[in-house]
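Values below: every heavy atom of this structure, side chains too, minus hydrogens, waters and symmetry copies.
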Amino acid sequence: MDLTFSEEDEAYRAELRQWLSDNIGGGGGGGGESANAMMKRAESSDESKNDPLAGARAWPRTLHDAGYVGLAWPKAYGGQDASFTQQVICADEMARVRTPPLINTIGLSIIGPTLVQHGTEEQKKRFLPRILRADDLWCQGFSEPEAGSDLASLRCRAEIDGDEFVVNGQKVWTSLAPISDWIFMLVRTDPDAPKREGISYLLADMKTPGITVRPLRNAAGGSHFSEVFFDNVRVPREHLVGELNGGWQIARSSLDHERSGLSGVVALEETLGRLWRMASNLDRGDHKAVEEPSTRRALAQHWIEIEGLRHLGFRTLSNQIAGKPPGAGSSVGKLFASETRNQLTRTALRVEGPLAPIAKRSPHVVDRGRWHAAYFDALAHSIGGGTSEVMRNVIAEKVLELPRPAED
Amino acid sequence: MDLTFSEEDEAYRAELRQWLSDNIGGGGGGGGESANAMMKRAESSDESKNDPLAGARAWPRTLHDAGYVGLAWPKAYGGQDASFTQQVICADEMARVRTPPLINTIGLSIIGPTLVQHGTEEQKKRFLPRILRADDLWCQGFSEPEAGSDLASLRCRAEIDGDEFVVNGQKVWTSLAPISDWIFMLVRTDPDAPKREGISYLLADMKTPGITVRPLRNAAGGSHFSEVFFDNVRVPREHLVGELNGGWQIARSSLDHERSGLSGVVALEETLGRLWRMASNLDRGDHKAVEEPSTRRALAQHWIEIEGLRHLGFRTLSNQIAGKPPGAGSSVGKLFASETRNQLTRTALRVEGPLAPIAKRSPHVVDRGRWHAAYFDALAHSIGGGTSEVMRNVIAEKVLELPRPAED
Amino acid sequence: MDFNLSEEQETLQEMACDFIRERWPADCAREALDKRPAVIGADVWQEILEMGWLGVAAGEDVGGIGGDVLTAAVLSQEAGRGLLPGPFQSSLIAALAVDRSGNDAIRSELVPQLIDGSLRATVAIEEPGGRYGPDAIAAKVRADADGWRLTGSKLLVPDADSAALLIVGAQTPDGLGWVRVRADAQGVEIRKMERMDAQSCSEVVFENAPVEGDALLGDERSLREAYDIWTVLLAADLLGSAEASLELTRRYAIERVQFGRPIGTFQAVSHRLANHLVDVEIGRSLLYGACLALDEKRDNAAPLVSAAKAWLSDAAVAAAESALQIHGGVGFTWEYDVHLHMRRSRCNAAILGDADYHRDRVADYMDESWVPPVKA
Amino acid sequence: MDFNLSEEQETLQEMACDFIRERWPADCAREALDKRPAVIGADVWQEILEMGWLGVAAGEDVGGIGGDVLTAAVLSQEAGRGLLPGPFQSSLIAALAVDRSGNDAIRSELVPQLIDGSLRATVAIEEPGGRYGPDAIAAKVRADADGWRLTGSKLLVPDADSAALLIVGAQTPDGLGWVRVRADAQGVEIRKMERMDAQSCSEVVFENAPVEGDALLGDERSLREAYDIWTVLLAADLLGSAEASLELTRRYAIERVQFGRPIGTFQAVSHRLANHLVDVEIGRSLLYGACLALDEKRDNAAPLVSAAKAWLSDAAVAAAESALQIHGGVGFTWEYDVHLHMRRSRCNAAILGDADYHRDRVADYMDESWVPPVKA
């Protein structure tokens, strides 16, 4: 058992670290802006013809030029063909300095790897390089109003008409739809087959006539998600990914394609650090909140949880490096990370104590209201991408091998 | 809203309190012995012909002579025809001074009321007075190895043969079976009917040939429960309670026939008092365990839980006095009391701290090991008489009116 | 023995529930999040005054209905269920504080005006510094040549921006107690704050501000009693909110179908809701117990108030969190009401003592006065 | 990077698991509850010694195998899974404590005997008074004319009734550290205690008992390190027990049919087990992390040890409680094994620091040395 890397890998890390320190904090080029803020600006801008996202595209392009995106992808399509260990080192170092968010994250992390694995040669050539350089931004069309946890019951239909699919229906909880160029989506292509066997995986240009985007306002007041409506939208047959009616397995494999979760651990640890500082500054009469035994124990428990996640990540990663299946680690890590994040923000509100009710921008508000936002985000996170309930079903079935209830 | 009783009721209470103080603590006549201890003695005694339980029967007889058992039962069968309020006052006062356990509790609290409601005139005349005076001791034959939470799937069969039923099968988790004179039981009398509609309610003399009792040792080392086997046991038809195949409803109603739970509250409160004393005596270096903030909060939380149960009991009771259905209170109270009891004993082990592992009779053991026993008891309690899971199903269906899963 | 709402209370509760649902539908609370702060509109406020809600627990001799604390709590519960904002609750507690101040002259002068709405008052206790409750009050009254002067700071004072009179807990030459200060007096600065649920509150800073009447409005006993009553009203608000979250989720669990059946048939949902039902029923019982104990001035009134507040703070927040989780995606939309209850219950859970503060108060009571039953 | 068991460790684990299942089946642990205390029989003990289990983590130069702490932990985990009692763990930690004492002469004299079983030793740290850990050690060594003399009292010393040598944490003229005392020396009184799971332990009272060699066996650093290693071995035992409880329940949930289907199809059961699986995997990860940090003597070794012990104390007890609850009636019978794991995990959870003690230790570390990552 060891946690060390080869000399070569350590050299890679050192080089990256140097690059990051040279390129982050001023020089990065607009990267400091959040994806949400970018989207807002894109929506409200008058000068949308001049690409209001130019600033946001600069950072992924800088990264790409330096060879720090698309690490796992073949060189033929603009990737790096990097080793697994290098991928991990890269994710880890970026998380450590909290690089600015990437406007093309969905492309890089979901549809890109899916195309690498399942795309046709033409699809790879056409889409992958443009994903890497943020020329095309992508959004995901999986969930529907009646198909949330039970994704396989989706209804959005695509009928074949000559060389085209004709798509009708609705998607929901689509992130960043208003600024996306393309959508990848699951559609029902055989209504008579068992529900998981009649689904296909399509790519559609968001500018195709018949697509309407309606942003949804979320509970925290922002509008990260949209509904997307399809009214006789014609999609060329060449934009089918994989086999006709074989979409479910492809979507499944992209959902399973989880990382070791180690970069998420760094983010959680940083949050705990902020929480500790907050508790160290807050008065409780003649002492600070951090001196209270119950607060100390709660924060210690979070430290323990985060170390648990980190070392679970090491185990998952070791399996992946050794070419073994990731084991129970990936589903366990995802569920536990989401629970930990939830509990952490709850603890934050408890530590805020009498100041917890105060709204953003009010005097006396703690840390400019970040903990309220973090609390809502964490709750939302435990729903997005499979609720914690669904994750428990998965663990019960796949890891514990308990019998599956009859309903499905 | 008020919590006061009428003058007449208060006079009743004063009289009872006086009687209790005159008759408890020395004079009560063998009542100080626990049911378990009684059973043990009964088993090991050589002189079983001379009724080894004579001592144990003395206390219920004393109570009966004074008119403090069978309060709700008709005078014609030895009862008191007392008002509902008087019943409550009686239960409350007895809990307050922790009267010795009654050897005939199962008769008084389950089969007695069932016979009052559903028994034939002959059954009432024959059995009720003997229950009140502890001449007959009763045990319950409901659960079976394959029918625990899912009681209605019981298999123990009774076939009609002339004027008799012939019973074959097995019961389990039967309390006090070795010293009982009679058993009331659920048997399947129509194997072809839907499972709740083919069950009958029978009474059987434990001395009938073909009945075998095998005590089960429990996890705490004692043997409170038994298995009871029936091999061609002949039960006269006159010992059927209610209609043939109508047993499920009768059993259901006796399970629903719950008290306000107020006497259970007194017991919990007394346990919390002991726990507070224990925490006040235990050293934690230079201070006492009770001075630790986390211990204080845990104990305060138990106080809150117990007050919640007490006031829930007042609400249930008020409904019952007013002749209204008890409301959500009875199932809620049962579930919550059992959870509270569990948590309380867990807190006790946490407060014991370094001394928690020490077995009974070892030096340094805390409170002679009572908290270990209480912990096991509490865990068992949340299974006996319907697990907490089943209680939650009941609340979901009956109180929240959620749809019922298809399985049953 | 009748430990339930009286018929009159049940009727009042139904009326209040209907009125709020009609005149302050959830959309009003939602819109207020954009147009802060949330305040009851003038016409609805007038109707509330005319229904006499501010006087339900005040004496009949001063224009009230002579009801008990429970009656006031029933209204607060409906305010919580219906997301009704200020200045309802602050006005109610201000009227109750003066009614029970023990100061007959001021009581008969002010309470009628407080009840009919001609005088808008609010109550200020909590201060900066991170400690809750009357024991943390540091605001100080000094007697100088011109009379009594108040210096200090109060946080999260509800509806102070629209109040004419401030009823303030302070250390005075005559001990801890209530004093009155006009909101427009010299030396009073009102700095607007807002709550996560958009309800109005302010920091109020007093610098040598003149105290009306140069004397106590009420002594320490009356201050502590009012603090307990206010706390129990918040507990009632939390109960209403918890019930609303549970009911929204219950209905959703019946209607929403996933995997071919209503999600309410899954134990991950149904058992969770059953646990919340237990929480709500225990909380309601504690609330009734605390109200009765306050009315009968029983020894264990304060710990019972703390029990209700601690329990319902936890219960309401947990019910709102489950509501969000069980609703899934739609629960996080602006249009669904679940986040409104989340916001309200999160705020009320942390106001006038959070669950930990109140558990500590219970522990102190256990230390000093609790007598457990002893085995014979 | 390879953060998993090595092949050798996996092989050892399987062997140990099979050996214990065969030579110390659960019935032995059950029967021991009646014929206390639970002790490994002479023949099985001899086999264990021959397999070299006590030397897995000791240096090769003193007869050990030269493995790491993790290798020892793997054996403890199997002991937990298989309910193996003393004197296994106390002998293992005694050998490790001497091996890592830093005292070369004594090390090369004693460790070979400790490993081959010719010298049975145990370790004594905890004292009466309710505080855990090395900081609570009050037992004192005085130097007098005849040499060093130990006075004090130790609680819950494992297998002291069968040990020849006691390795004792004490305050000495040379500071806090280890000293050796012969069990049969004058001034040593061994008072038998027993654990809820029937394992042997004792109170050992020293009154001017002569210290072997009149000198430290190991200094404060080595005492603290051994305390941490012992703690991590207990955490491993708890992990094994948690896995056993979970596996028993998993199998029962597959076989047991109620309401027409296996109870494992009910979410009340399946989600609960999924949560325990998460607990176990997080616990295993923490355990590995703590072992590696100890072997590499990293700065965060102590808080990682505490993390593993705190987490696994909670996790093992919770898994055992769920096992009882989900098994229903049969879980409470003497014949089922679930109560055996409940007993063992309840004991180990409260030994060498309960979860709260170890969380406090983590908080102290955070206060003093933790450096969270900082946003660029």
Side-chain angles (χ1 to χ4, degrees), chain A residues 143 145-153 172-173 195 216-225 282-289 292 294-295 342 346 349-350 352-365 369 372 375-376 379-380 382-384 387-390 392-393 405 407-408, chain C residues 33-34 36-37 126-132 136 155-156 191-199 201-203 256-261 263 265-266 268-269 272 317 321 324-336 338-340 342-343 346-357:
Chain A
S143 297
E146 302 300 317
S149 301
D150 181 14
L151 185 57
S153 69
V172 75
W173 317 128
K195 64 184 188 175
L216 283 173
R217 194 163 178 199
N218 67 24
S223 63
H224 186 63
F225 297 113
L282 271 188
D283 287 322
R284 287 271 199 279
D286 57 355
H287 59 273
K288 299 293 183 184
E292 307 211 309
S294 63
T295 303
N342 262 305
R346 282 193 191 107
L349 294 191
R350 194 161 71 78
E352 283 197 13
L355 303 179
I358 301 173
K360 221 173 167 175
R361 282 190 273 277
S362 270
H364 295 279
V365 65
H372 290 176
Y375 173 64
F376 270 110
L379 282 167
S382 67
I383 287 172
T387 63
S388 294
E389 281 69 35
V390 170
R392 288 192 190 95
N393 281 343
E407 77 271 0
D408 179 51
Chain C
L33 289 169
D34 286 325
R36 288 156 176 271
E126 307 290 5
E127 304 192 359
R131 285 179 62 214
Y132 287 109
L155 277 197
L156 290 157
R191 300 174 184 162
K192 279 204 184 189
M193 305 171 74
E194 260 162 39
R195 307 186 356 162
M196 215 204 309
D197 63 354
Q199 287 200 60
C201 56
S202 303
E203 179 178 12
R256 172 75 170 172
V257 172
Q258 290 280 275
F259 303 104
R261 50 184 179 132
I263 61 171
T265 59
F266 291 100
V269 172
R272 195 162 170 174
V317 166
E321 289 185 348
L324 278 172
Q325 178 78 22
I326 292 172
H327 276 78
V330 296
F332 281 86
T333 57
W334 190 253
E335 284 70 28
Y336 269 65
V338 283
H339 73 96
L340 303 174
M342 160 64 79
R343 290 166 186 274
R346 269 282 170 198
C347 289
N348 285 336
I351 296 240
L352 291 194
D354 60 11
D356 282 342
Y357 169 79

Side chain / backbone / both / neither for C:Y132 at chain A, heavy atoms under 4.5 Å:
side chain
A:A289 versus chain C, the contacting section by heavy-atom distance below 4.5 Å
neither
Under 4.5 Å from a heavy atom of chain A, the part of C:L352 involved
neither
Chain A contact via C:V330 - side chain, backbone, both or neither, heavy atoms under 4.5 Å
both
Mind listing the closest non-hydrogen atom pair of A:K195 and C:F259 along with its distance?
NZ-CA, 4.3 Å
Proximity breakdown for A:F376 and chain C, heavy-atom pairs closer than 4.5 Å
both
Name the option with the most non-hydrogen atom pairs under 4.5 Å to chain C; the candidates are A:R350, A:R361, A:H364.
A:H364
Side chain from CB out, backbone as N, CA, C, O: work out which of these in A:E146 comes under 4.5 Å of a heavy atom of chain C, or both, or neither.
both
With only heavy atoms counted, which part of C:N348 is less than 4.5 Å from chain A, the side chain, the backbone, both or neither?
neither
Best-contacting candidate, C:R343, C:M342, C:E203, C:E321, against chain A by heavy atom pairs under 4.5 angstrom:
C:E321
Residue selection (most heavy-atom pairs with chain A, distance under 4.5 Å) from C:E127, C:Q199, C:E335, C:R195
C:R195
Residue pair C:A350 / A:G353: nearest heavy atoms and the distance that separates them:
CB-O, 3.6 Å
Counting N and O atoms only, with roles assigned by atom type, does the side chain of C:E194 sit under 3.5 Å from a partner on the main chain of A:A359, one being a donor and the other an acceptor?
no
Pick one of side chain, backbone, both or neither for A:L282, based on which atoms fall under 4.5 Å of a heavy atom in chain C.
neither
Decide salt bridge (Lys or Arg N to Asp or Glu O under 4.0 Å) for C:R272 and A:E389; before the verdict, give the C-alpha distance in whole Å, the side-chain angles of both, and the deciding distance to 0.1 Å.
CA-CA 12 Å; C:R272 195 162 170 174; A:E389 281 69 35; 3.3 Å; yes
Backbone N/O of C:Q258 and side chain of A:D150: donor-acceptor pair under 3.5 Å:
no
In this structure, SG of C:C347 is separated from CD1 of A:I358 (nearest 0.5 Å) by 9.5 Å
Given a strict heavy-atom distance threshold of 4.5 Å, which part of C:L156 is in contact with chain A: side chain, backbone, both, or neither?
side chain
Top contributor to chain A contacts, counting heavy-atom pairs under 4.5 Å, from C:M196, C:K192, C:E126
C:M196
Using heavy-atom distances under 4.5 Å, tell me whether C:Q325 contacts chain A through its side chain, its backbone, both, or neither.
both
Using side-chain heavy atoms (C-beta onward) and a distance below 4.5 Å, is C:F266 in contact with A:N393?
no
For each of A:P354, A:S143, A:A147, tally heavy-atom pairs with chain C at distances under 4.5 Å, and name the one with the top tally.
A:P354
Should C:D34 and A:R217 count as an ion pair when the cut-off is N to O under 4.0 Å?
yes
Under a 4.5 Å heavy-atom cutoff, which of C:D354, C:I263, C:D356 has the most pairs with chain A?
C:D356
Residue part contacting chain A, namely of C:A268, when any heavy atom lies under 4.5 Å:
side chain
Chain A contact via C:L33 - which portion, at a heavy-atom distance below 4.5 Å
neither
If you count heavy-atom pairs under 4.5 Å between each of A:A356, A:S153, A:S294, A:G148 and chain C, which one has the most?
A:G148
Apply side chain to side chain contact (heavy atoms under 4.5 Å, CB included) to residues C:L155 and A:L355 and explain how you reach the verdict.
CA-CA 9 Å; C:L155 277 197; A:L355 303 179; 3.8 Å; yes
Quick one, A:L216 with C:F332, criterion side chain to side chain contact (heavy atoms under 4.5 Å, CB included). Give me CA distance, side-chain angles, the key distance, then yes/no.
CA-CA 10 Å; A:L216 283 173; C:F332 281 86; over 6 Å; no
Is A:D286 paired with C:R131 through a side-chain N to carboxylate O contact shorter than 4.0 Å?
no
Can you tell me how far the OG atom of A:S362 sits from the CZ atom of C:R191, to the nearest 0.5 Å?
13.0 Å
Closest heavy-atom contact between A:R284 and C:G130?
CD-O, 3.7 Å
